A.B. asks: 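Below is one structure. I have some questions about it.
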Amino acid sequence: MRTFVAGPDRDQLGFAVCSALTDLSRAAFSAWLRLRHHERGESAERVRLTSVGVLLTPRTDGYREWDTTVVAVNGGPELTDEELQTDRDLFNAPGSLGNAGTRPSS
């Protein structure tokens, strides 16, 4: 999972690749993007920011090779303290997949 930020008051793009599209992978990706959007809003005016995430997963039906799932978060995601702590424990732990980093785009 990676996040690219164009600047302090600009929207951000997050993307991830997963081996299968399941309810769990979809929910985890959405939670990860909400957390990244929340963290971004701590240093910027969140109401004006949008975070867009793209999840790439393989298809097995022969229609095409890949599936893309798009998630967007705008404004404040309104996470409860419990949700925020759970997401931080899951995605911000050293060595976790969700902690691959944020890179400013060039």
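Note that the structure is predicted; figures quoted are calculated from it, not measured. One is the number of the first residue; the rest follow in order along the sequence.
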A.B. asks: Roughly how far apart are R40 CZ and R10 CZ, rounded to 0.5 Å?
C.D. replies: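 Output value for this atom pair is 9.5 Å.
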A.B. asks: Could you tell me if the side chain of D81 sits less than 4.5 Å from the side chain of Q85, heavy atoms only?
C.D. replies: no
A.B. asks: Taking side-chain contact (heavy atoms from CB on, under 4.5 Å) as the definition, give me every residue that meets it alongside T86, ordered by chain and number, with sequence neighbours left out.
C.D. replies: E82
A.B. asks: Treating E83 as the side-chain partner and T80 as the backbone partner, does any N or O pair qualify as donor plus acceptor under 3.5 Å?
C.D. replies: yes
A.B. asks: Would you indicate whether the side-chain heavy atoms of E78 and H38 approach each other to under 4.5 Å?
C.D. replies: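 A side-chain contact under 4.5 Å is absent here.
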A.B. asks: In the hydrophobic clustering that connects Ile, Leu, Val, Met, Phe, Trp and Tyr at side-chain heavy-atom distances below 4.5 Å, which members other than W66 occupy its cluster, ordered by chain and number?
C.D. replies: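 Taking Ile, Leu, Val, Met, Phe, Trp and Tyr as members, W66 shares its hydrophobic cluster with V17, L56.
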A.B. asks: Is it true that Q12 and S51 share a donor-acceptor pair across their side chains at a distance under 3.5 Å?
C.D. replies: yes
A.B. asks: Looking only at heavy atoms, which two atoms of G53 and L33 are closest? And how far apart?
C.D. replies: N-CD2, 3.5 Å
A.B. asks: Find out whether N92 and L35 are in side-chain contact, i.e. whether some heavy atom of one side chain is under 4.5 Å from a heavy atom of the other.
C.D. replies: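 Yes, at least one pair of side-chain atoms sits under 4.5 Å.
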A.B. asks: For the pair T69 and F29, evaluate side chain to side chain contact (heavy atoms under 4.5 Å, CB included) and give the outcome as yes or no after the intermediate values.
C.D. replies: CA-CA 10 Å; T69 302; F29 182 67; 5.6 Å; no
A.B. asks: For a 4.5 angstrom cut-off between non-hydrogen side-chain atoms, does L55 reach T68?
C.D. replies: no
A.B. asks: Please report the closest heavy-atom contact between F91 and R36, naming both atoms and the distance.
C.D. replies: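 Closest approach of F91 to R36: O-NH2, 3.4 Å.
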A.B. asks: Quick one: side chain to side chain donor-acceptor pair (under 3.5 Å) pairs with a partner in residues 54-64, sequence neighbours left out?
C.D. replies: R59-D61, R59-D67
A.B. asks: Using the side-chain contact (heavy atoms from CB on, under 4.5 Å) rule, pick out the option among L49, T3, N74 that qualifies with H37.
C.D. replies: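 When side-chain contact (heavy atoms from CB on, under 4.5 Å) is applied between H37 and each of L49, T3, N74, only L49 qualifies.
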A.B. asks: If I compare all heavy atoms of S25 with all of C18, which pair ends up nearest, and what's the gap?
C.D. replies: CB-SG, 3.7 Å
